[in-house]
Amino acid sequence: MTIDFLEDPLASRRAMAGDRDRPQFHFLPPRNWMNDPNGLIYWNDRYHLFYQYNPYGANWGFIHWGHAISKDLVHWQDQPIALRPQDGAGDDLGCFSGCIVAAGGQPTAVYTGFAGMNAFPILIARSVDADLVRWEKGEQNPVIAAPPEGVDPSIFRDPYVWRRGNRWQAVIGAGFKDGTSAALLYESADLISWDYLGPLFATQFSEDVSMWECPNFFPMGDKYVLLVSLHPDIQGVYYYTGTYDGRRFTPETEGYVEQNQIFYAPQVRAYPDGRTVMLAWVREGRTDEAQDAAGWSGVQCFPRELALDGAGRLISKPIVEIAQLRGKRHPLQEPLLRPGEPPVELFISRQFELKLTVTGVRGKLVMDVLASPDGRERTQIGCDLGKGEVWLDTTRSSRSEDVFGVCQRTQLPGGKRETLSIHVLVDHSMIEVWFDAGYSLTGRAYPVAAEARAVRLSAADGQISVRDLSAWEMDAIW
Ligand code: DQQ
């Protein structure tokens, strides 16, 4: 069976309208499984998002490239499937991750074929219409048949291509047989014939990491950023910022973008308006059976604009277009929170944006979202000003046994502080938080109780004052 088009995607979306866990203002396919974003490109006045997609079910397998377009990076329109596996084409078992570049005015996908556990050839496909709906696979495929000497052939994939002078350059994620993780550098005049130039950068990352998946390499100001996803078992997304001489990258600053098993395989694109924007796969935090029962799995993070802070650290924020989705504004008083006092209930919602700034000499802010009236289900966002520590805790989000909660804690750079901004997006099961205008934590929560919708604030270990408090109901994007 070949699925050429998504049959009535809006009807599929409507059929899931009653699903309380399904995000409403983040991109996800009409149904079934999605993972990595691929092929981000702005073309003919449209943003294009391609994505790893299983049209046959809500778990990973037989990966195609799904496709959606947008005028504003926020509202999306479903398109037919763009790339599908094909016997004997090098992508017999799947069309894995890759990117799209415009070569001589023709968008060309450079992607990973999956043809067996040791067969990840690099392939190209060219778009043959203005809307990037129809694709023809390159007659010269594979353009890179196998990894270089010393690289384990089972861990070599995910080309990311850019233009440098009159040549194309690419990094491909890999792991050497000695355990070194690497972003391998290649160069080409035509996207067909590629020269291997050695590792752009390689290191023994840790004993648990065997390769870097989905490397991205892009300039930011006068620096370059290498972004890598830690394999196996989805161990987080890591970045290096540094300098690049056209052959070698010299890192100066490094850190986690996020260290969890939820946010993974981002793709970054510099758009014509000058912004550098990141999308990423946000995994479910529940069992395969629960995903099957829901009929869908995987969400894209809200598009995040990237920047470097004063110390060269990579930071992000939701793109400004988020303001288009703001609906009713919640009228709110700015509370003074004292330890021992009952929590202040701000409003009731599962689909909102909330911004605030907290101030205190020490003390902890505790924010419960998706909280049930009896408090048995609640998702906690918090910060300890005295320690400069922040967290997102989903261990008590749900009474369901099909759900995995996790407490993510991280230390903010610079430690202790007296003032901290917090920016929260809650979109049903999808939770994104930015602390200090740049440091994000992403999580998933699936409360069982229909009334688990309260947002409450309290303080512990010291008084906290809240200011710049604003919150909006968010519109759905479909
Ligand atoms: N997902 C793709 C691979 C990539 C992985 C397969 C990362 O190309 O390495 O679906 O999530």
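Indexing begins at 1, ligand by ligand and atom by atom, following the structure's order. If you're wondering where the values come from, they're calculated on a predicted model, not measured in any experiment.
The contact set between ligand 1 and Tyr264, taken as ligand atoms under 4.0 Å from a residue heavy atom, comprises 7 (C), 11 (O).
Distances shorter than 4.0 angstrom do not occur between any heavy atom of Phe120 and any atom of ligand 1. Distances shorter than 4.0 angstrom occur between a heavy atom of Asn35 and an atom of ligand 1. For the ligand labelled ligand 1, residue Trp281 lies inside the 4.0 Å heavy-atom shell.
The distance from atom OH of Tyr160 to atom CG of Leu227, rounded to the nearest 0.5 Å, is 8.5 Å.
Summary of contacts: the protein heavy atom closest to atom 9 (O) of ligand 1 is Asp158 OD2, 2.6 Å. The protein heavy-atom contact nearest to atom 7 (C) of ligand 1 is Asp36 OD2, 3.1 Å. The protein heavy atom nearest to atom 10 (O) of ligand 1 is Gln52 OE1, 2.7 Å.
Below 3.5 Å of separation, one finds an N or O of Ser97 facing an N or O of ligand 1.
Side chains of Tyr42 and Asp273: no donor on one and acceptor on the other come within 3.5 Å. Checking His48 against Gln79 by side-chain atom types alone, no donor-acceptor pair falls below 3.5 Å. A donor and an acceptor atom, one from each side chain of Asn38 and Tyr53, are nowhere located under 3.5 Å apart. Asn44 and Asp131 share no donor-acceptor pair across their side chains, judged by distance under 3.5 Å alone.
Contacts with ligand 1 closer than 4.0 Å are made by side-chain heavy atoms of Trp60 only, the backbone lying farther away.
Pairs passing the ring-ring contact (aromatic ring centres under 6.0 Å, His included) check and including a residue from residues 162-181, sequence neighbours excluded, read Trp162-Phe217. Legend: salt bridge (charged side-chain N to carboxylate O under 4.0 Å, His left out) pairs involving residues 40-65, not counting sequence neighbours: none detected.
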